[in-house]
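Have a look at the structure below, then the notes.
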Amino acid sequence: MQRFAFVVDVVPERREEYLRLHAAVWPEIEAALSAHHVTNYSIFLIEDTLFGYYEYTGDDYQADLAAVDADPVTKEWLARTDPCQVAFGRDARPGDGWRRLTEVWHLA
């Protein structure tokens with residue numbers, strides 16, 4: 001199992017839209033993630049920053065995530081959620097989106 005954590009800012013004017021969408025994530029999105037070995041997925045919010053965490057249990061992370069990204073329902077979901085987000089941090093560039101975090105400590 002691999003752990004992944006990411007961070008992104010929410011566009012303040014679109015915060016409520018983002019929260020509304022995630023209050024009822026489409027079942028097809030959850031099914032696509034589960035079918036491609038993404039588990040224990042959570043998104044947390046502090047002020048205007050989102051922190052995402054999930055675990056990957058498959059054998060080919062790149063192929064599984066590519067399959068999720070190619071899914072037509074996922075594309076529609078991202079078309080609705082991506083405009084609600086802006087890259088986090090002083091080194092962020094437009095279009096960066098979610099930025100992966102480096103794990104520095106873990107208690108198993």
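Sequential numbering from 1 along the given sequence is applied to the chain's residues.
Salt bridge absent: Arg20 and Glu16 never bring a charged side-chain N and a carboxylate O closer than 4.0 Å.
Counting only heavy atoms from C-beta outward, the side chains of Asp71 and Val68 never approach each other to under 4.5 Å. Looking only at side-chain heavy atoms (C-beta outward), Gln62 and Asp64 stay at 4.5 Å or farther from each other.
Leu50 CG to His22 NE2: the interatomic distance, rounded to the nearest 0.5 Å, is 8.0 Å. A distance of 14.5 Å separates CD of Glu55 from NE2 of His37, quoted to the nearest 0.5 Å. Atom CG in Asp9 sits 10.0 Å away from atom CZ in Arg99 (nearest 0.5 Å).
A donor atom on one side chain and an acceptor atom on the other are not found under 3.5 Å apart for Asn40 and Tyr54.
Considering every non-hydrogen atom in both Ala87 and Asp96, the closest pair reads CB-CB, 3.5 Å. Heavy atoms only, all atoms of each residue included: Tyr56 and His36 are closest at CE1-O, 3.4 Å. What you find for Gly52 and Trp98 is that their closest heavy atoms are N-CZ3, 3.5 Å. In plain terms, the two heavy atoms of Tyr41 and Val38 that are nearest each other are CD1-CG1, 3.9 Å. Between Ile29 and Thr74, the shortest heavy-atom distance links the atoms CD1-CA, 3.5 Å. In terms of heavy atoms, Ala70 sits closest to Lys75 at O-CE, 3.7 Å.
Without hydrogens or angle criteria, Arg80 side chain to Leu21 main chain gives no donor-acceptor distance under 3.5 Å.
For Asp48, the salt bridge (charged side-chain N to carboxylate O under 4.0 Å, His left out) partners are Arg15, not counting sequence neighbours.
By the 6.0 Å contact criterion, CD on Glu47 is open, its count of non-hydrogen atoms from other residues, nucleotides or ligands being 12 or less.
Hydrophobic clustering of Ile, Leu, Val, Met, Phe, Trp and Tyr side chains at less than 4.5 Å, counting indirect connections, unites Leu65 with Ile43. Neither Leu19 nor Phe51 shares a network with the other; the hydrophobic side chains, linked directly or stepwise wherever heavy atoms of I, L, V, M, F, W or Y lie under 4.5 Å apart, form separate groups for each. Val7 and Val86 are members of different hydrophobic clusters when ILVMFWY side chains are connected at heavy-atom separations under 4.5 Å. Taken together through direct or relayed side-chain contacts under 4.5 Å among Ile, Leu, Val, Met, Phe, Trp and Tyr, Phe6 and Ile46 form parts of separate hydrophobic clusters. Both Leu78 and Val25 are members of a single hydrophobic cluster when ILVMFWY side chains are connected at heavy-atom separations under 4.5 Å.
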Task: Derivation and outcome, side-chain contact (heavy atoms from CB on, under 4.5 Å), residues Trp77 and Glu28 - done: CA-CA 10 Å; Trp77 175 259; Glu28 298 91 344; over 6 Å; no
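In this structure, Tyr61 has its ring center under 6.0 Å from that of Phe4.
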